[in-house]
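Remarks on the structure that follows.
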Amino acid sequence: MEKVIFEYHSQPAAYVPVTKLAVANKYIPAEFLGSVELDLPQASEQDVIRHFTALSKLNFSVDSGFYPLGSCTMKYNPKVNEAVADFDGLAGAHPYAPEESVQGALELLYELEIFLKEVSGFQGLTLQPAAGAHGESTGILLIKAYHRHKQPAQKRTIILVPDTAHGTNPATAALAGYQVRQVQSDNQGNIDLAELKKNLNANVAALMLTNPNTLGLFERNILAVSRLVHENGALLYGDGANFNALLGLVKPAELGFDVMHFNLHKTFSAPHGGGGPGAGAVGCSKELTPFLPVPRVRKNREIFTLDYQPKNSIGKIRSFYGNFLTAVRAYAYFLALGAEGIAKVGRQAILNANYLRQRLEKIYHVPYSRTCMHEFVLTPQPDWAVNTLDIAKRIIDYGFHPPTIYFPLIVHEAMMIEPTETETKETMDTFAAALVKIAQEAAQKPEILKRAPQTSPVGRIDEAQANRQLILKYEKRVSG
Ligand SMILES: Cc1ncc(COP(=O)(O)O)c(C=O)c1O
């Protein structure tokens, strides 16, 4: 097993520098220096390189292989984004720098807002939220402010959420102080219109809807849904985390959404998960724009400024200007793809998912067998003596990251696959071939799947225990 860096005490070797890992005293005034000798690691350059290279190989990443983690859009992140985010003027810009000295950074934010408004059809936009879920909470606060402003006497205390929703949706609504009511889906995977009508009343503030929904299906009744919601005086919130499926095909504002968050880190290709912070930009209608958080980036005669004044704003939701370098990556992605490239994203995401779905449809069970958007759900065949977890673990042995499992919750034993638009037919064919083999194993030798994974640095762990008994601090191992 790989040691942790604190366990290194490298011996000097010929030509390999050993750096004494002490804090550079010359920069720290003597009165601030303590006298205790810290037990810091003494590692040679060679050991450090080998240590971190070994650690990096234990992990799986989108740079090392196919990562079809449904709902997470683990698409390839072009390295040009990283190069741009590393430009001195952007990476080194200080948040307290005077506006006149960061005109380029402000221009970038201003233009990114325009790009996002253009692809979504919204009239107002903020780049401040730090993640998708934070975007949700910002959007719901806009809705709350809107209702308070428009009808102060009316108590709209309920938010409706379909049973297919991502868990962050009901959590967001509850955190914002709303009662959450669940609306059932019909047998086609769409929100059930009759159920929606039953739940709509004068106390409903909004419906939070994901389109495509978390089954990877386009809400076919979206126009009827938005009409019903609006007739009731409520607003339609869009969870735009799956926006890569719509990019270049349809603008959410034209479907009737009043406000929507984007997951910049998913749709616009910034590394996420362990790879870096995200950003959850929020777009909204003209009616909601006055409530957007501050600061707003303004342009007046080629000069960019930050406006903290809008009187109806919900205020500040995050320090400074959001996760600025994630915005930079999204901006670089827009420029690299251009209008023509951006217009193709949705089509390719849908084509890839449907290609893979068709290849696997006869072998696995597909609970909603219809043309999907950017992702689809499979389950094991009922006569196999394995469950979804066994299949996911076996996929690791074939060299792929497993799909999302046991989500969405409304499908028993769900396995959700999202190939994303950046994968080639060849990669998807190799993955499909692996899944076909695993299906044969599941039917004939289920014990192979029960023992999986065999090829990974760690075997099958007790995930429930790992979640319940978190050990997050390093404790030095005593040898001997
Ligand atoms: C449909 C949906 N909504 C919301 C979120 C939350 O986004 P984040 O993880 O950035 O908070 C996700 C995350 O992937 C998602 O898939």
Side-chain angles (χ1 to χ4, degrees), residues 62 67-75 77 116 120 126-141 159 161-176 180 182 185 189-191 206-219 222 236-247 252 257 259-283 317-318 322-323 325-327 329-330 349 353 372-377 401 403-411 414-420:
V62 79
Y67 206 135
L69 195 65
S71 187
C72 292
T73 314
M74 301 303 288
K75 62 163 104 166
N77 308 133
L116 290 170
S120 63
T126 176
L127 295 169
Q128 301 240 352
H134 193 200
E136 287 172 34
S137 100
T138 305
I140 292 298
L141 292 179
I159 297 237
V161 180
D163 54 5
T164 48
H166 194 263
T168 48
N169 290 190
T172 295
L175 267 176
V180 181
Q182 200 178 65
S185 303
N190 291 312
I191 188 165
L207 166 70
M208 290 183 91
L209 194 71
T210 315
N211 197 11
N213 66 22
T214 57
L215 293 163
L217 301 173
F218 189 82
E219 282 288 343
I222 182 66
L236 186 58
Y237 180 89
D239 179 328
N242 295 337
F243 187 51
N244 63 321
L246 303 184
L247 206 50
F257 287 102
V259 50
M260 183 189 91
H261 81 263
F262 304 78
N263 279 40
L264 290 192
H265 43 298
K266 291 168 54 169
T267 310
F268 299 99
S269 86
H272 59 296
V282 171
I317 49 131
R318 196 189 180 282
N323 279 337
L325 291 178
T326 305
R329 290 180 177 93
C372 65
M373 295 294 280
H374 62 306
E375 60 191 352
F376 57 98
V377 177
H401 195 285
T404 294
I405 55 174
Y406 299 105
F407 178 82
L409 299 177
I410 60 164
V411 176
M415 187 161 66
M416 187 155 65
I417 298 178
E418 179 179 11
T420 85

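Given the structure is predicted, the values throughout are model-derived calculations rather than measurements. Both counts, for ligands and for their atoms, begin at 1 and track the order of listing.
When all heavy atoms are compared, the tightest approach of Leu209 to Pro162 is CD1-CG, 3.6 Å. For the residue pair Pro408 and Ala414, the shortest heavy atom distance occurs at O-CB, 3.9 Å.
For the side chain to side chain contact (heavy atoms under 4.5 Å, CB included) test, residues two or more places apart in sequence or in another chain that qualify with Ala327 are Leu109, Leu112. Evaluation of the ring-ring contact (aromatic ring centres under 6.0 Å, His included) rule for Phe243 yields Phe262 as partners, not counting sequence neighbours. Take Thr168 and apply the side-chain hydrogen bond (donor to acceptor under 3.5 Å, both in side chains) test, not counting sequence neighbours, and it matches Glu136, His166.
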Contacts table for ligand 1: protein N or O within a distance under 3.5 Å of ligand N or O, distances only.
from: ligand 1; atom 1: 3 (N); to: Asp239; atom 2: OD1; distance (Å): 3.2
from: ligand 1; atom 1: 3 (N); to: Asp239; atom 2: OD2; distance (Å): 2.6
from: ligand 1; atom 1: 7 (O); to: Asn263; atom 2: ND2; distance (Å): 3.1
from: ligand 1; atom 1: 10 (O); to: Gly132; atom 2: N; distance (Å): 2.8
from: ligand 1; atom 1: 10 (O); to: Asn263; atom 2: ND2; distance (Å): 3.4
from: ligand 1; atom 1: 10 (O); to: His265; atom 2: NE2; distance (Å): 2.8
from: ligand 1; atom 1: 11 (O); to: Gly132; atom 2: N; distance (Å): 3.4
from: ligand 1; atom 1: 11 (O); to: Ala133; atom 2: N; distance (Å): 2.8
from: ligand 1; atom 1: 14 (O); to: Lys266; atom 2: NZ; distance (Å): 3.2
from: ligand 1; atom 1: 16 (O); to: Ser71; atom 2: O; distance (Å): 3.1
from: ligand 1; atom 1: 16 (O); to: Ser71; atom 2: OG; distance (Å): 2.7
from: ligand 1; atom 1: 16 (O); to: Lys266; atom 2: NZ; distance (Å): 3.0

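Side chains of Leu409 and Thr214 form no contact here, defined as non-hydrogen atoms less than 4.5 Å apart.
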